[in-house]
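Reading through the structure tokens given below for one structure.
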Amino acid sequence: MQKEIILSPLQGYTDYVYRNVYASCFPYIDSFITPFLACENDGTIRKSKRKDISAENNSVVKPIAQILPGTVDETKILCQLLIENNYTELNLNIGCPFPPVVNKGRGCGLLTHPEQVDKILRSIFNNFSGKVSVKTRTGLNNHNELYKIIPILHAYPISEIIIHARYGKQLYKGSSDVNEFLKYKDLIQIPLVYNGDIDNHNYLEFTANKLKETKKIAIGRGILQDPFLPARIKGIAILNEKQQFINFITCLHREYLDHTETPKHAHTKLILLWEYMSAYLKPELKAAKKIRKTTNLTTYNETIKSLIKEHYRISDPFGS
Ligand SMILES: Cc1cc2nc3c(=O)[nH]c(=O)nc-3n(C[C@H](O)[C@H](O)[C@H](O)COP(=O)(O)O)c2cc1C
């Protein structure tokens, strides 16, 4: 079965620059979800968050906008922002496990309050006329808390539910449990999307074996680590991978420079991405460490050139 692949949101990484560059370089991902939008304490939404979902910054690929409300009032504010920006699809985050988020009754914090999930969903469907999907974990304290939410989810015309098969208290420890996902698949009547730990080393085990019957998957870190992973999963031939990878990182460089206030900001963004992207290069090159040590775009460029040269054994990777 040919899988459909969603880029799972990664706050701080898969911003509009990354999404646009990815989509203009590669045709491998079916849909993109933005990192979450949330309200500040006074009900406002940060400028950087508005920028990430604005129409002008999302002309290459229209993403699905993700919201992280904890109350009905926040839900209304976030839906209004999406309507103003002509969004026709939103994703409700009830899975974020970070303690500051959970303590505010958002993300995974909602999984122990079914009545609040109900109020938030009712408000979404009253205020937003587009498609609505949900992204969640299996619970906050254990894998069973999602069970209590199922009747509520079934009461609304939700298009699909993405399940990261960890519970919140695990944060990112242990592994995402496919069997827990499959248990929910038997109980939930809404199409389910699997998420968690699919990467370049294990994708065959997941796609050909554990998730053979699952049509749609969401991948976050695995795509940052290897931008060709969705093509490998779909069995799409990758022509001239070396040159495509070089184009991709060149384009990321150029676009971050264009879309950040100073070269220093662009440099900070790029070295952050390489914390994951370095996995694409040979481990012995210790790429992440070398890139992190660079202090500006000039030394960054020199380091990237020499890493690519060593990885691909080519004399002049950027042809300059
Ligand atoms: C740094 C970081 C930021 C994340 N930001 C978000 C987010 O904004 N919204 C969300 O639903 N999930 C977020 N996630 C969770 C991922 O989307 C995904 O569910 C999780 O990483 C498991 O999938 P993966 O193993 O394919 O990365 C984040 C994860 C990480 C590591």
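Predicted, not measured: the structure shown is a model, and the values here were computed from it. One-based numbering along the sequence shown. Whatever order the structure lists ligands and atoms in, that order sets their numbers, starting from 1.
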Q) Taking Arg166 for the side chain and Arg137 for the main chain, is one N or O donor matched with an acceptor at less than 3.5 Å? A) no
Q. Would a distance-only check, ignoring hydrogens and angles, find a side-chain to backbone donor-acceptor pair under 3.5 Å from Glu145 to Leu140?
A.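 Such a contact is found between Glu145 side chain and Leu140 backbone.
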Taking atom types as modelled and ignoring hydrogens, do the side chains of [X] and [Y] form a donor-acceptor contact shorter than 3.5 angstrom?
{"X": "His265", "Y": "Thr262", "answer": "yes"}
{"X": "Asp118", "Y": "Tyr156", "answer": "yes"}
{"X": "Thr44", "Y": "Asp42", "answer": "yes"}

Q. Between Asn93 and ligand 1, which residue portion shows a heavy-atom distance shorter than 4.0 Å: side chain, backbone, both, or neither?
A. side chain
Q. Side chain, backbone, both or neither: which part of Asn195 has a heavy atom under 4.0 Å from ligand 1?
A. side chain
I want to know if ligand 1 touches [X] in the polar sense, i.e. an N/O pair below 3.5 angstrom.
{"X": "Tyr13", "value": "no"}
{"X": "Ala218", "value": "no"}
{"X": "Pro35", "value": "no"}
{"X": "Arg221", "value": "yes"}
{"X": "Gly222", "value": "no"}

Q) Do Tyr22 and Leu270 belong together in a cluster built from hydrophobic side chains that touch within less than 4.5 Å? A)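 Tyr22 and Leu270: one cluster.
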Q) Given Tyr147 and Tyr184, is the ring pair (Phe, Tyr, Trp, His ring centres under 6.0 Å) satisfied, shown in steps? A) CA-CA 8 Å; Tyr147 283 106; Tyr184 280 109; 4.6 Å; yes
Among all protein heavy atoms in this structure, tell me which lies nearest to [atom], with the distance rounded to 0.1 Å.
{"atom": "atom 11 (O) of ligand 1", "value": "Gln66 NE2, 2.8 Å"}
{"atom": "atom 17 (O) of ligand 1", "value": "Pro9 O, 2.6 Å"}
{"atom": "atom 30 (C) of ligand 1", "value": "Leu10 CD2, 3.5 Å"}
{"atom": "atom 4 (C) of ligand 1", "value": "Gln11 N, 3.3 Å"}
{"atom": "atom 15 (C) of ligand 1", "value": "Tyr172 OH, 3.2 Å"}

Give the numbers and elements of all ligand 1 atoms closer than 4.0 Å to a heavy atom of [X].
{"X": "Gly196", "result": "23 (O), 25 (O)"}
{"X": "Gly220", "result": "24 (P), 26 (O), 27 (O)"}
{"X": "Ser8", "result": "16 (C), 17 (O), 18 (C), 19 (O)"}
{"X": "Tyr276", "result": "31 (C)"}
{"X": "Lys135", "result": "10 (C), 11 (O), 12 (N), 15 (C), 16 (C), 17 (O), 18 (C), 19 (O)"}

Q: Hey, can you tell me if Tyr28 and Phe26 have their rings parallel, tilted or perpendicular (30° and 60° cut-offs)?
A: parallel
Q. Between Arg232 and Glu241, is there a side-chain N and carboxylate O pair less than 4.0 Å apart?
A.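 Yes.
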Q | Check ion pair Asp30-Lys216 (N to O, under 4.0 angstrom) | A |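 Lys216 and Asp30: not salt-bridged.
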Q: With Glu275 as reference, evaluate Arg221, Arg292, Gln225 under the side-chain hydrogen bond (donor to acceptor under 3.5 Å, both in side chains) test and give the passing residue.
A: Arg292
